[in-house]
There are 2 protein chains.
Amino acid sequence: MKSIKDIAIIAKVSPGTVDRVLHNRPGVSKKTKERVLKIIEESNYTVNTVASILASKKTYTIATLLPTSKNEFDFWEAPKLGAQKALNEIKNLGFRIESFEFNQFDPDSYCKAFKKMANTNPSAALIAPILNKETQEHIHLLEDKNIPYVFINTETEGLNNLSFIGQKSFQGGFVAGKLFNWVLPENSEVLIVEIRKNVVNYTSINQRLKGFKDFFKNSEKSISVKKIAINTLDNLQILNKELKNYLDQNPNTKGIFVPSSKISFIAKSIIELNRKDIELGGFDNTLENVAFLKNETVDFLISQRPMEQGYDGVKLLFNYLIDKKQPKKNHYLPIEIVLKENVDFL
Amino acid sequence: MKSIKDIAIIAKVSPGTVDRVLHNRPGVSKKTKERVLKIIEESNYTVNTVASILASKKTYTIATLLPTSKNEFDFWEAPKLGAQKALNEIKNLGFRIESFEFNQFDPDSYCKAFKKMANTNPSAALIAPILNKETQEHIHLLEDKNIPYVFINTETEGLNNLSFIGQKSFQGGFVAGKLFNWVLPENSEVLIVEIRKNVVNYTSINQRLKGFKDFFKNSEKSISVKKIAINTLDNLQILNKELKNYLDQNPNTKGIFVPSSKISFIAKSIIELNRKDIELGGFDNTLENVAFLKNETVDFLISQRPMEQGYDGVKLLFNYLIDKKQPKKNHYLPIEIVLKENVDFL
DNA sequence: CTTAATTTCGTGTGCGTACACAAAATTGAA
DNA sequence: TTCAATTTTGTGTACGCACACGAAATTAAG
């Protein structure tokens with residue numbers, strides 16, 4: 001492994017000069033700069049990140065802006081865990097994480113947290129932009145300061161995020177369609193239950209719906225897709241009633257699809273209605289959802305790999321900050337099909 | 001962040017003494033050792049891995065012993081890529097990889113490579129022990145020298161590998177069963193095609209078969225499982241004929257399961273026999289298999305995440321060598337269901 | 001050609017640790 | 001008590017790099 005000193009000797013300059021060249025600092029004549037650069041190239045030298053970090057006492061702070069998790073089993077706990085795992089690998093390299101949280105159902109709290117975060121002038125930010133409008137409105141707080149940021153979980157349009165890390169929602173819905181197509185019999189109906197309240201992140205959900213419907217457009221099997229909207233999940237009685245009503249009137253319904261992480265509510269209803277014959281599918285392997293998967297109320301889940309979202313996000317920012325390694329704009333995570341049979345091996 | 005020097009000042013000793021305590025080296029009186037230890041504890045000091053590695057010019061060599069890949073799309077290319085990726089993250093920390101390869105169909109070449117590897121006295125080894133007997137016979141070469149080793153891909157029994165990284169094969173077969181159960185109609189038959197030649201790693205394959213059959217034991221749907229053995233894949237004509245014979249005599253066969261990565265051969269036959277109505281499922285998203293997945297000859301694949309096998313394996317060894325962090329014995333990777341619809345998002 | 005201004009370059013120190021070596025303190029034997 | 005043997009502790013240097021400072025070389029001005 002060659003060092004700066006080695007390069008210096010070959011180039012017949014001092015280590016200091018090589019260092020200046022490497023960091024693009026002024027004070028080197030064009031001639032010697034080119035010479036040194038050429039030698040660096042030829043001797044395939046790479047900086048020793050370890051020594052570099054040790055010497056430059058620079059410290060980096062990555063701010064995370066994620067929804068508060070209600071409990072340790074919440075979906076949003078996973079990205080945090082992932083970020084923490086990544087941090088453990090790089091904390092000796094001068095990296096810290098500063099966490100900011102917000103109530104995902106309260107736009108104000110998002111805005112406040114966003115501002116607070118921007119005010120701390122982090123080296124970079126990792127954001128779950130589940131509230132689209134508010135994100136659009138506040139993102140300039142980071143851009144004005146040239147703070148790079150990546151988005152996880154929710155794909156956005158027209159913003160200069162370094163990268164997006166998460167699932168291609170359309171395709172997630174498409175895969176869900178495929179699975180229902182497998183599971184449901186010919187000439188049956190599948191019902192989409194859209195939950196209006198207690199759910200944010202409409203961007204993702206709409207994409208999933210699009211993908212889901214798209215699948216059945218080109219499917220050979222004749223399965224028809226219906227949709228109802230539930231306005232709240234706060235009262236399970238109401239949900240039961242609405243669901244019962246629908247199922248009574250549409251006896252051909254053999255499956256229910258929920259394009260969010262809320263399939264567990266439907267599962268509860270289905271149990272109470274004693275309609276385990278209906279196949280259920282939804283998103284996210286939260287603890288609650290997994291429980292219904294295991295007792296066979298839910299037939300499949302599609303995981304967004306939330307843990308990887310945090311892990312990969314932090315790692316990506318790390319690489320960018322250290323090596324200025326430009327990441328690809330879209331870092332799509334696997335569309336993972338989770339069944340009772342493989343849920344224990346994630 | 002406290003440093004050795006800080007500790008030294010608090011404990012009223014020299015940095016050298018603190019260092020001796022940290023490394024459990026002799027030359028420190030019991031009294032001061034305890035005092036220093038206590039202060040280290042209290043001031044929650046942790047060694048700066050970066051500086052530590054820079055100072056100790058120790059270098060670690062991780063030997064990999066994997067099958068030669070026939071081409072860049074071979075299954076075994078993936079673990080190598082993963083290992084390389086991991087290496088990139090730790091090469092500045094004094095780590096190197098030394099690769100050893102063998103012909104997976106030639107036990108002799110495995111033994112030779114094993115011996116060669118052991119002779120280089122690596123710091124640790126990453127092995128794909130697809131040949132069970134030969135592994136049992138040679139593993140002492142590493143144990144005698146106290147060289148830690150992890151196994152990837154193939155689970156073994158009775159060996160002191162630090163860890164196994166790979167899929168739970170039984171469960172992989174079980175999931176395959178579930179998928180066929182979804183895809184196949186009531187009262188149909190699924191055919192297992194076992195390929196005797198050109199396939200090693202019987203351990204994994206037998207486990208998969210067990211899992212597959214096990215699934216149907218407790219399935220409500222009445223699907224019966226049959227099995228034939230093919231002795232070679234060298235001559236596609238023979239395969240075609242045998243397959244045609246079987247299908248003609250067993251018209252109820254609606255699916256074919258191959259418990260190895262060789263499903264593509266069956267797929268070719270199925271196309272030639274013009275029997276695309278039959279559902280195919282198998283293992284490993286090799287390029288060839290994926291091609292048949294995409295053209296809908298193959299219905300599903302189960303991926304072993306071969307890339308992660310290499311990556312996680314090297315990372316695990318790294319953590320063990322640096323921090324003596326004892327890994328858990330079994331590091332099971334996800335049983336990933338790969339469909340035409342999600343194959344592009346792995 | 002001189003001298004100052006400016007550019008270009010070399011030297012030295014420190015980051016936190018590992019390790020070799022030197023120094024001091026303790027112990028033991030006479 | 002004395003002095004050597006032994007144990008215990010302190011000091012210095014190196015790892016590869018970043019960066020400040022000062023020295024040398026070049027250029028410009030007179």
Side-chain angles (χ1 to χ4, degrees), chain A residues 1-40 43-60 90-96 123 321-324, chain B residues 1-40 43-60 90-96 123 321-324:
Chain A
M1 212 58 164
K2 282 212 168 40
S3 75
I4 281 191
K5 236 191 279 180
D6 300 320
I7 302 296
I9 292 170
I10 301 175
K12 293 205 192 77
V13 290
S14 77
T17 301
V18 179
D19 180 68
R20 273 181 284 263
V21 171
L22 281 171
H23 293 80
N24 251 323
R25 270 187 301 221
V28 187
S29 72
K30 206 173 161 189
K31 222 174 62 188
T32 53
K33 182 169 180 174
E34 276 168 6
R35 181 158 44 93
V36 171
L37 235 31
K38 188 157 149 260
I39 288 169
I40 287 176
S43 48
N44 69 352
Y45 161 89
T46 54
V47 292
N48 183 329
T49 322
V50 170
S52 168
I53 283 169
L54 186 60
S56 85
K57 287 149 287 181
K58 226 178 286 171
T59 65
Y60 299 88
I90 63 179
K91 67 179 173 203
N92 282 321
L93 310 183
F95 275 74
R96 301 187 326 110
S123 319
L321 291 172
I322 293 286
D323 299 334
K324 282 276 167 261
Chain B
M1 215 59 163
K2 284 211 167 42
S3 75
I4 280 191
K5 238 191 275 178
D6 299 321
I7 302 296
I9 291 170
I10 300 175
K12 296 209 191 71
V13 292
S14 76
T17 301
V18 178
D19 179 69
R20 272 181 283 262
V21 171
L22 281 170
H23 292 81
N24 252 324
R25 268 187 301 222
V28 187
S29 71
K30 208 173 163 190
K31 222 173 64 186
T32 53
K33 183 168 181 177
E34 276 168 7
R35 181 159 43 95
V36 170
L37 234 31
K38 190 158 149 256
I39 289 169
I40 287 175
S43 47
N44 67 353
Y45 162 89
T46 54
V47 292
N48 184 330
T49 323
V50 172
S52 169
I53 284 168
L54 184 61
S56 86
K57 289 149 285 180
K58 226 179 286 171
T59 64
Y60 299 88
I90 62 177
K91 68 177 171 206
N92 283 321
L93 310 183
F95 275 74
R96 303 187 325 109
S123 319
L321 291 172
I322 292 288
D323 300 335
K324 282 275 167 260

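All chains are named by letter (A, B, ...) in the order of the sequence lines, taking the proteins before the strands, and each is independently numbered beginning at 1.
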Nearest to the side chain of Ile4(B), heavy atoms from C-beta on, is which of dC17(D), dT9(D), dT17(C)?
dT17(C)
Residue Pro15(A), side-chain heavy atoms: nucleotide from dT11(C), dG16(C), dT11(D) that is nearest
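Side chain of Pro15(A) sits closest to dT11(C).
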Which sits closer to the 5' end of DNA chain C, Arg20(B) or Lys12(A), going by the nucleotide each is nearest to?
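Going by which nucleotide is closer to the 5' end, it is Lys12(A).
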Just do the side chain to side chain contact (heavy atoms under 4.5 Å, CB included) check on Ser43(A) and Ile7(A) with the steps written out, would you?
CA-CA 8 Å; Ser43(A) 48; Ile7(A) 302 296; 3.2 Å; yes
Does the Arg35(A) side chain pair with the main chain of Ala11(A), one donor and one acceptor, at a distance under 3.5 Å?
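A pair under 3.5 Å: yes.
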Can you find a side chain N or O atom of [X] that sits less than 4.0 Å from OP1 or OP2 on [N]?
X        : N       : value
Ser29(A) : dT26(D) : no
Thr32(A) : dC9(C)  : yes
Thr17(B) : dG10(D) : yes
Ser3(A)  : dC15(D) : no
Ser52(B) : dA18(C) : yes
Tyr45(A) : dG16(D) : no

For Ala55(B) and Arg35(B), take the nucleotide of DNA chain D holding the closest heavy atom to each; which residue's nucleotide lies nearer the 5' end?
Arg35(B)
Between Pro26(B) and Lys5(A), whichever has its closest DNA chain D nucleotide further toward 5' is Pro26(B)
